[in-house]
Amino acid sequence: MRDESIAGFLDDLGAKRPTPGGGAVAALNGAVASAQLKMVCEYTKDKNIISNIDTLSQRVKTFLDLAEADAKAYAEVSSAYKTKDETKIEESLIKALNPSIDIIGVCEELISFCEVNYSKFNPLLKADLIVSLANLKASVRSSQAMITTNLDALAINPKNAEESRDYCYELLERVDKLYKKLGA
């Protein structure tokens, strides 16, 4: 996926095959958010913000790696279901949770960065910051859906699914508060 064109990715996404799917889209939204946030930082003069440019470049790569990890994990889930072996299915579903959990973790890092620095960003790029936050929000929501779906398939204690949802809702509320601070 990493070296594919946007058009090629979208063609693959719309094709009748299991991957890429929702997890890859969640990661792609995170990569877009990171790249756009990096651009906002490039136009900001604050030294602390400038010092994070390399980290944001790395986050783009991290999200792309997570998109590939999600596609691989889902391919394993698909293969496991074909075997009808309940143990293999359960193991693959548990493993498939990891990319989405990791995506949310990176999103939280970026949301925290924005919360601390929102007033220092170049005000001429406010719309770009808001769009970056919207993509982070989409990434969290998408990852939450992937986690919930896998937990439901595992029939794991509903408390785990509830904790995951609550954590994601908290992140989404934090983004909404930033929107308000930015006048969006």
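Being a predicted model, the structure only gives us computed values, none of them experimental. The residues of the chain are indexed from 1 along the displayed sequence. Computed over heavy atoms, backbone and side chain alike; hydrogens, waters and symmetry mates excluded.
For L171 against I104, the heavy-atom pair with the smallest separation is CD1-CG2, 3.5 Å. P99 approaches A73 most closely through the heavy-atom pair CG-CB, 4.5 Å. Residues V106 and F63 share a closest heavy-atom pair of CG1-CZ, 3.4 Å. Residues V60 and A31 approach most closely at CG2-O, 3.8 Å, considering heavy atoms.
Neither L64 nor M146 shares a network with the other; the hydrophobic side chains, linked directly or stepwise wherever heavy atoms of I, L, V, M, F, W or Y lie under 4.5 Å apart, form separate groups for each. If you chain together hydrophobic residues whose side chains sit under 4.5 Å apart, V116 and L182 never meet in one group.
Looking at R59 and E109, a side-chain N of the basic residue comes within less than 4.0 Å of a carboxylate O on the acidic one, giving a salt bridge. Using a cutoff of 4.0 Å between basic side-chain nitrogens and carboxylate oxygens, K38 and E42 are scored as salt-bridged.
Interatomic distance, L172 CG to E170 CD, rounded to the nearest 0.5 Å: 10.0 Å. Once rounded to the nearest 0.5 Å, the distance linking CG of L124 with CG of L129 reads 12.5 Å. To the nearest 0.5 angstrom, S34 atom OG is 12.0 Å from K61 atom NZ. In this structure, the separation between CG on L136 and CD on Q36 is 10.0 Å, given to the nearest 0.5 Å. How far CD1 of I147 is from CD1 of I103: 8.5 Å, rounded to the nearest 0.5 Å. K120 contributes atom NZ, which lies 14.5 Å from atom CG of N122 (distance to the nearest 0.5 angstrom).
Side chain of S132 to main chain of A33: a donor-acceptor pair is present (N/O by atom type, distance under 3.5 Å, no hydrogens or angles). With S139 contributing its side chain and A27 its backbone, the two residues share no donor-acceptor pair below 3.5 Å. With D70 contributing its side chain and L66 its backbone, the two residues share no donor-acceptor pair below 3.5 Å. Of the possible donor and acceptor atoms, none in the side chain of N29 sits under 3.5 Å from a partner among the backbone N and O of N135. In this structure, S78 contributes its side chain and Y74 its backbone to no donor-acceptor pair below 3.5 Å. Put simply, the side chain of T83 gets close to the backbone of D85: a donor and an acceptor are under 3.5 Å apart. In this structure a side-chain-to-backbone donor-acceptor pair under 3.5 Å is present from Y179 to A134. In this structure, the side chain of S92 engages the main chain of I89 through a donor-acceptor pair within 3.5 Å.
Judged purely by distance below 3.5 Å, without hydrogens or angles, the side chains of E108 and Y167 pair a donor atom with an acceptor atom.
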Yes or no on side-chain contact (heavy atoms from CB on, under 4.5 Å) for F121 and L37, after CA distance, side-chain angles and deciding distance? CA-CA 10 Å; F121 292 122; L37 185 55; 4.0 Å; yes
Start with the C-alpha distance between L133 and Y118, add both sets of side-chain angles, then the distance that settles side-chain contact (heavy atoms from CB on, under 4.5 Å), and finish with yes or no. CA-CA 11 Å; L133 290 167; Y118 77 92; over 6 Å; no
Checking R174 against S112 for the side-chain contact (heavy atoms from CB on, under 4.5 Å) test, could you report, in this order, the C-alpha distance in whole Å, the side-chain angles of both residues, the deciding distance, and whether it holds? CA-CA 9 Å; R174 288 169 58 189; S112 294; 2.8 Å; yes
After noting the C-alpha distance and the side-chain angles of E76 and K88, does the key distance pass the salt bridge (charged side-chain N to carboxylate O under 4.0 Å, His left out) rule? CA-CA 9 Å; E76 290 176 20; K88 286 182 180 178; over 6 Å; no
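Among residue pairs with one or both ends in residues 126-149, those qualifying as salt bridge (Lys or Arg N to Asp or Glu O under 4.0 Å) are K137-D176; sequence neighbours excluded.
Test I111, V140, I130 against V175 for side-chain contact (heavy atoms from CB on, under 4.5 Å) and you get one pass: I111. Screening L56, L125, T44 for a side-chain contact (heavy atoms from CB on, under 4.5 Å) with M39, the sole residue that qualifies is L125. Results of the side-chain contact (heavy atoms from CB on, under 4.5 Å) test with I50 over N52, D54, I53 single out I53 as the only residue that passes.
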